[in-house]
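Sequence lines set the chain letters: A, B, ... in the order given, protein chains first and strands last, and positions in each chain run from 1.
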Number of protein chains: 2
Amino acid sequence: MTEKKRSRPAYHQSYEVIRDWILNGVLSAGTKIVEEKIAAELGVSRTPVRESIRKLENEGLIVNKRVVKPSEKDLRNLFQVRILLEGYSARCAASFLGEDELHSLYECVEIARKGTRDEIMNVNERFHEIIVTASNNPVMIDIIDRMQSIIYLFRKTAVFSNRPHLIDEHEQIYQAIKAGDGEKAEILMKNHLQADLDFCLHLM
Amino acid sequence: MTEKKRSRPAYHQSYEVIRDWILNGVLSAGTKIVEEKIAAELGVSRTPVRESIRKLENEGLIVNKRVVKPSEKDLRNLFQVRILLEGYSARCAASFLGEDELHSLYECVEIARKGTRDEIMNVNERFHEIIVTASNNPVMIDIIDRMQSIIYLFRKTAVFSNRPHLIDEHEQIYQAIKAGDGEKAEILMKNHLQADLDFCLHLM
DNA sequence: TTTGTTAATTTTGTATACAATAATTTAAAA
DNA sequence: TTTTAAATTATTGTATACAAAATTAACAAA
């Protein structure tokens, strides 16, 4: 029936809907975002929609009332930060990752070798998520989370184009972490992200 | 007369006022923030105040409708990120900083040796600002900016207590940058920030 | 055409009213 | 007293109306 989840406030729900519209291309890059129009489509007033938009602006998904269209420079800048933070996280992971998480990490590699595209997308995202969580630093996790939306838009390209060695690189990182070699894990992670960036920029 | 700056929207002005109230201790750590009360004090409606509060929540200056009271762990986490990003920025500065900015950097050191407390606060902030700008990466600059408010609250402690060697460390960093030694600049910056953190935590 | 200017329209910004929820107080029962 | 439940109050969440600003359209002059 027409049951609505009443738990979360409207500004939160509409945030999620709008974000998904952007990530799935329903709202494509460059589209003008008009509060009233979105509000009408969602069946709520402008007030909660306004808040959602502000949050999306914060994440960089909306810029100047338009769906972002990141330039090559934007992506390079984003990845520079990501390389620093995830590189450090990989180093932490080598020291602090527990048995079970280590196993989850390996599963991500395994599934990525034989899964469907959607599965691959998921486990590759999860691979990075496990490592970032190992930093055990909410500030860092939060910053990386904020970048996720744009990274997501971007990563689709890499997987749909089946970048060579991507999974191999994940496996190498996994091995370094398992071996407790933080130095190596960090370097491999940095190179991995740089390769990802270069490959995708090359396609554009 | 009662001239108001009409240029910027109310939500922006009130953001700045509330932020300053927090930074100057007019609103002290733990204080409950109530939209209507703030709105009344500012002579505006809740609508723009609401937006301001959301932005401050974003910066971490308001948490759970209360003025933040960062724990030691919070500060350690924040500084871990700062060390990574500003360390990298210092390395960039060694390669890319121009003559005039280099000179500004030196001025910061000079003034810090003989200025008043307020002047010292200012030039020390500026010292870091110049270096961060040298990263030439808006994403990175933006993240560090977001952390500035909490860092500001924190830095007061360090200067008012006159931490030993603080200016010397700045000068060493300046020298490394001037010499174009990125490796050294990065290491010195990281140590400097770590020392800052440790000193202030020690006082708490 | 192009340019510049005014008018029309759209869109955002702000105030206000009311609804939903959360916090607090009050009062009754154990 | 202490505890619980109900009622009250305070606060946030949402809708709506109107004002201010930005954008677009229309049209006159070069």
Side-chain angles (χ1 to χ4, degrees), chain A residues 1-22 25-69 142 146 149, chain B residues 1-22 26-69 142 145-146 149:
Chain A
M1 335 293 155
T2 53
E3 270 298 327
K4 277 193 217 168
K5 282 185 189 162
R6 285 244 120 284
S7 41
R8 308 227 107 175
Y11 67 84
H12 188 271
Q13 291 180 234
S14 57
Y15 158 76
E16 289 184 332
V17 173
I18 302 169
R19 186 199 54 196
D20 290 348
W21 281 350
I22 294 174
V26 176
L27 291 170
S28 61
T31 307
K32 182 90 198 284
I33 298 293
V34 175
E35 295 173 4
E36 205 154 20
K37 214 146 64 184
I38 303 274
E41 297 191 66
L42 292 175
V44 296
S45 82
R46 272 177 59 209
T47 312
V49 169
R50 200 147 206 282
E51 255 183 61
S52 311
I53 290 174
R54 282 286 142 80
K55 192 164 182 199
L56 291 163
E57 285 174 338
N58 229 332
E59 284 178 33
L61 228 43
I62 294 179
V63 176
N64 272 336
K65 313 282 163 189
R66 284 176 189 282
V67 177
V68 71
K69 187 177 163 53
D142 189 64
R146 238 188 218 129
S149 297
Chain B
M1 339 289 152
T2 52
E3 270 298 326
K4 277 193 218 165
K5 283 187 188 159
R6 286 243 118 284
S7 41
R8 308 225 107 173
Y11 66 83
H12 189 270
Q13 291 181 233
S14 58
Y15 158 76
E16 289 184 332
V17 174
I18 302 169
R19 187 200 53 196
D20 290 348
W21 281 351
I22 294 175
V26 176
L27 291 170
S28 62
T31 308
K32 182 91 198 281
I33 298 293
V34 176
E35 295 174 5
E36 205 154 21
K37 215 147 61 183
I38 302 274
E41 298 192 64
L42 292 175
V44 296
S45 82
R46 274 178 57 210
T47 313
V49 169
R50 202 149 204 281
E51 257 184 59
S52 310
I53 291 174
R54 283 285 143 80
K55 192 162 181 201
L56 291 162
E57 287 174 336
N58 230 330
E59 284 177 33
L61 228 42
I62 295 179
V63 176
N64 272 335
K65 313 280 162 192
R66 283 175 191 283
V67 176
V68 72
K69 188 178 163 54
D142 189 65
D145 270 357
R146 237 187 218 129
S149 298

In whole angstrom, what separates A/N64's CG from D/dA22's P?
->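 Those two atoms, CG and P, are 13 Å apart.
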Give me the distances for all protein-to-nucleotides 8-11 of chain C N/O pairs that come in under 3.5 Å?
none

Every protein N/O lying under 3.5 Å from an N/O of nucleotides 14-18 of chain D:
from, atom 1, to, atom 2, distance (Å)
D/dT14, OP1, A/A10, N, 2.4
D/dA15, OP2, A/S45, N, 2.6
D/dA15, OP2, A/S45, OG, 2.8
D/dA15, N7, A/T47, OG1, 2.7

Residues in salt bridge (Lys or Arg N to Asp or Glu O under 4.0 Å) with A/D20, at least two apart?
->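 A/D20 satisfies salt bridge (Lys or Arg N to Asp or Glu O under 4.0 Å) with no residue once adjacent residues are dropped.
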Would you please name every residue forming a side chain to side chain contact (heavy atoms under 4.5 Å, CB included) with B/V67, sequence neighbours left out?
->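 B/I22, B/L27, B/T31, B/I33.
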Counterpart residues, side-chain hydrogen bond (donor to acceptor under 3.5 Å, both in side chains), relative to A/Y11 (two or more places apart) =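 With sequence neighbours excluded, A/Y11 shows a side-chain hydrogen bond (donor to acceptor under 3.5 Å, both in side chains) to no residue whatsoever.
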Considering residues, nucleotides and ligands other than A/E16, do more than 12 of their heavy atoms fall under 6.0 Å from its CD?
->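 Atom CD in A/E16 is packed in, count exceeds 12.
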Which pair of heavy atoms, one from [X] and one from [Y], lies closest together, and at what distance?
X	Y	value
A/R8	A/Q13	O-OE1, 3.0 Å
B/P48	B/S14	O-OG, 3.9 Å
A/V49	A/A39	CG2-CA, 3.7 Å

Show the atom names and distances, to 0.1 Å, of all donor-acceptor pairs under 3.5 Å that link a side chain in residues 40-47 of chain B to residues at least two apart or in another chain.
from, atom 1, to, atom 2, distance (Å)
B/S45, OG, B/T47, N, 3.2
B/R46, NE, B/E35, OE1, 2.9
B/R46, NH2, B/E35, OE1, 2.9

